[in-house]
Amino acid sequence: MIKKHFSIFLLLLILITFASIVGAILVGSVNISPSIIWDVLCWKLGFTNSLTEASIAQSTIIWEIRLPRILLAIAVGAGLSISGAAIQALVQNSIADPYILGVSSGASVGATAVIILGAFSFLGNWALSLAAFIGALIAVFIVFLLARVGGRTSIIRLLLAGIAISLIFSAITNFILMMTKDAGGMKAVMHWMLGSLAGAKWSNIQIPILVCIAVFLFLYCFTNSLNALLLGEETATTLGISLEKFRLIVIVSVSLLTGVLVAVSGTIGFVGLIIPHIVRMLVGSHYRYVLPSSALIGAIFLIWADTLSRIIIAPEEMPIGILTALCGGPFFIWLLRKEGYTFGTND
């Protein structure tokens, strides 16, 4: 894609993102207008001394409930998308996603231990997020350890170890659920495993947002290395890239980001798998274009997926993981059947 055209495309995505934020705030059981949103934002940001049009109840809904949830959706959507794009380049496989390293299953064990067994209960509201994050890191560490052969990381072993560890950790989670007699706890675990942004608060969205921004900037500095990986290991080595060191950097950064996101949102599948494919169809495979486009399109997608999950079976809430699977599954099947689609060619 020509640089000038990409700048216009990126500006368009940014405008759509802001429009999506406003639209998602407007949608809900309580009637809210754009002028009320503006009134609340001006008051909360200190531009005005009091509310002029919005009520206190509307202010609470916008500022304490909907806006944190939307910002978390942006962080999760963008984070999973850039993680998926990076992992696909790393393993040179178009069907890889962030959960291939066992992050999701490890986090599920941690979350189940908190909800069912009461682990880390002394940490209060932070217990679930911390336990899920620790579980994710343990799973990734084991996968990476198993993938090391003769001081080098084998991609085939990495993929196979990820599958094996995912199955083992999933079995542990299922065993804990089978042994519990707490119906409420079992329902809570299942709801968390299917993904939800309902727990978003200002106090727990700051770390995911900061980590997402940091990992994005970090990966963006290595766009040339990611592009080289698409050409094969021999070519990347010829270009002076230290494969072992670079793989370790990407694995650690992506695992950190995915673990943090899973800890606050549960398992939300298909985002990291599908969004990079859509992006490559739009802007080509050059990672200077893929990473920012993936972040914005992933954010837009998850904003509206979460909005639909709130209203589609209202007053109940559909787990967002179900909705992303219903959207992502058919799209991926279509992609597999589409003639002429290729992975890993720089346009």
*In sequence, state the C-alpha distance, the side-chain angles, and the governing distance for Phe169 and Ile138, and then conclude on side-chain contact (heavy atoms from CB on, under 4.5 Å).*
CA-CA 10 Å; Phe169 275 66; Ile138 291 174; 4.3 Å; yes

*Are side-chain heavy atoms of Pro208 and Val211 found at a separation under 4.5 Å?*
no

*Exam field: side chain Tyr220 to backbone Pro292, donor-acceptor pair closer than 3.5 Å*: no

*Would Ile297 and Ser81 count as a side-chain contact (heavy atoms from CB on, under 4.5 Å) if you check the C-alpha gap in whole Å, the side-chain angles of each, and the deciding distance to 0.1 Å?*
CA-CA 8 Å; Ile297 293 177; Ser81 298; over 6 Å; no

*Decide yes or no for Ser35 and Glu53: does some side-chain heavy atom of the first lie under 4.5 Å from some side-chain heavy atom of the second?*
yes

*Does atom CH2 of Trp38 have more than 12 heavy-atom neighbours, drawn from other residues, nucleotides or ligands, at distances under 6.0 Å?*
no

*For atom CD1 of Ile207, is the number of surrounding heavy atoms from other residues, nucleotides or ligands below 6.0 Å larger than 12?*
no

*Heavy-atom check, side chain of Leu296 versus side chain of Ile16, under 4.5 Å*: no

_Check: Ile176 main-chain N/O paired with Thr180 side-chain donor or acceptor under 3.5 Å_ = no

_CA sep, side-chain torsions, deciding dist, call: Trp43, Ser50, side chain to side chain donor-acceptor pair (under 3.5 Å)_ = CA-CA 6 Å; Trp43 178 51; Ser50 62; over 6 Å; no

*Can Leu159 be reached from Val140 by stepping across I, L, V, M, F, W or Y side chains whose heavy atoms are under 4.5 Å apart?*
yes

_Quick check: closest heavy atoms across Ile303 and Ser20, and the distance to 0.1 Å?_
CG2-O, 3.8 Å

_Distance, nearest 0.5 Å, that separates CG of Asp39 from CG of Leu51_ = 5.0 Å

*Identify the heavy atoms of Val114 and Ala131 that sit nearest to each other, and give their distance.*
CG2-CB, 3.2 Å

_Does any part of the side chain of Ile74, heavy atoms only, come nearer than 4.5 Å to the side chain of Leu302, both counted from C-beta?_
no

*Quick check, are the ring centers of Trp63 and Trp202 under 6.0 angstrom apart?*
yes

_Over 12 foreign heavy atoms within 6.0 Å of CE, Met179_ = no

*Mind checking whether Phe270 and Trp334 sit in one hydrophobic cluster, side chains of I, L, V, M, F, W, Y counted as touching below 4.5 Å?*
yes

*Determine, using the 4.5 Å side-chain heavy-atom cutoff (strictly less than), whether Ile56 and Leu45 are members of one ILVMFWY cluster.*
yes

_Hphob cluster co-occupancy, Leu273 + Ile322, side-chain heavy atoms under 4.5 angstrom_ = no

_Using modelled atom types and a 3.5 Å cut-off, is there a donor and acceptor pairing between side-chain atoms of Arg310 and backbone atoms of Val27?_
yes

_Straight-line distance of Phe133 CZ to Ser255 OG, nearest 0.5 Å_ = 9.5 Å

*asked:* His286 vs Arg280, test: side-chain contact (heavy atoms from CB on, under 4.5 Å). Steps then yes/no.
replied: CA-CA 8 Å; His286 199 298; Arg280 280 190 289 268; over 6 Å; no

_Contact between Val103 and Val254 at the side-chain level, heavy atoms closer than 4.5 Å - yes or no?_
no

*Identify the heavy atoms of Ala86 and Val250 that sit nearest to each other, and give their distance.*
CB-CG1, 4.2 Å

*asked:* Less than 4.5 Å apart, side chain to side chain, heavy atoms only: is that true for Met190 and Leu177?
replied: yes

_From CG (Leu80) to CD1 (Ile274), nearest 0.5 Å_ = 13.0 Å

*Residues forming a side chain to side chain donor-acceptor pair (under 3.5 Å) with Arg66, sequence neighbours excluded*: none

*Check step by step if side-chain contact (heavy atoms from CB on, under 4.5 Å) holds for Ile87 and Leu101.*
CA-CA 9 Å; Ile87 288 293; Leu101 300 179; 4.0 Å; yes

_What's the separation between atom CZ in Phe216 and atom OG in Ser294, rounded to the nearest 0.5 Å?_
9.0 Å

_Show me the pairs that pass side-chain hydrogen bond (donor to acceptor under 3.5 Å, both in side chains) and involve residues 136-149, at least two apart or across chains._
Arg148-Thr153, Arg148-Glu244

*Return the minimal non-hydrogen interatomic distance between Ala198 and Glu317, and the atom names on each side.*
CB-OE2, 3.8 Å

*Indicate yes or no: at least one non-hydrogen side-chain atom of Ser108 is less than 4.5 angstrom from one of Thr267.*
yes

*asked:* Determine whether a donor-acceptor pair (N or O, by modelled atom type, separation under 3.5 Å) exists between the side chain of Asp306 and the backbone of Arg69.
replied: no

*In this structure, are over 12 heavy atoms from other groups packed under 6.0 Å from Phe141 atom CZ?*
no

*Under 3.5 Å, side chain of Ser59 to main-chain N/O of Val40, donor-acceptor pair present?*
no

*Spell out, as yes or no, whether a donor-acceptor pair under 3.5 Å connects the side chain of Glu316 to the backbone of Ile313.*
no

*asked:* To the closest 0.5 Å, what do you measure between CZ (Phe144) and CZ (Arg157)?
replied: 13.5 Å

*asked:* Could you check whether any side-chain N or O of Thr223 sits under 3.5 Å from a backbone N or O of Leu219, counting only pairs where one atom can act as donor and the other as acceptor?
replied: no

_Main-chain N/O of Val290 paired with Ser293 side-chain donor or acceptor, under 3.5 Å_ = no

*Distance-minimising heavy-atom pair for Pro98 and Thr258*: CB-OG1, 3.6 Å

*Any sub-3.5 Å donor-acceptor pair from Asn227's side-chain atoms to Tyr287's backbone N or O?*
yes

*Shortest non-hydrogen contact from Glu64 toward Pro68*: O-CG, 3.7 Å

*Is it the case that Ser105 and Ser170 place a side-chain donor and acceptor less than 3.5 Å from each other?*
no

*asked:* Do Phe47 and Ile37 sit in one hydrophobic cluster, given that two such residues count as connected whenever their side-chain heavy atoms are within less than 4.5 Å of each other, even indirectly?
replied: yes

*asked:* Less than 4.5 Å apart, side chain to side chain, heavy atoms only: is that true for Leu282 and Phe9?
replied: yes

_Approximate separation, where rounding is to 0.5 Å, of Ile205 CD1 and Ile70 CD1_ = 10.5 Å

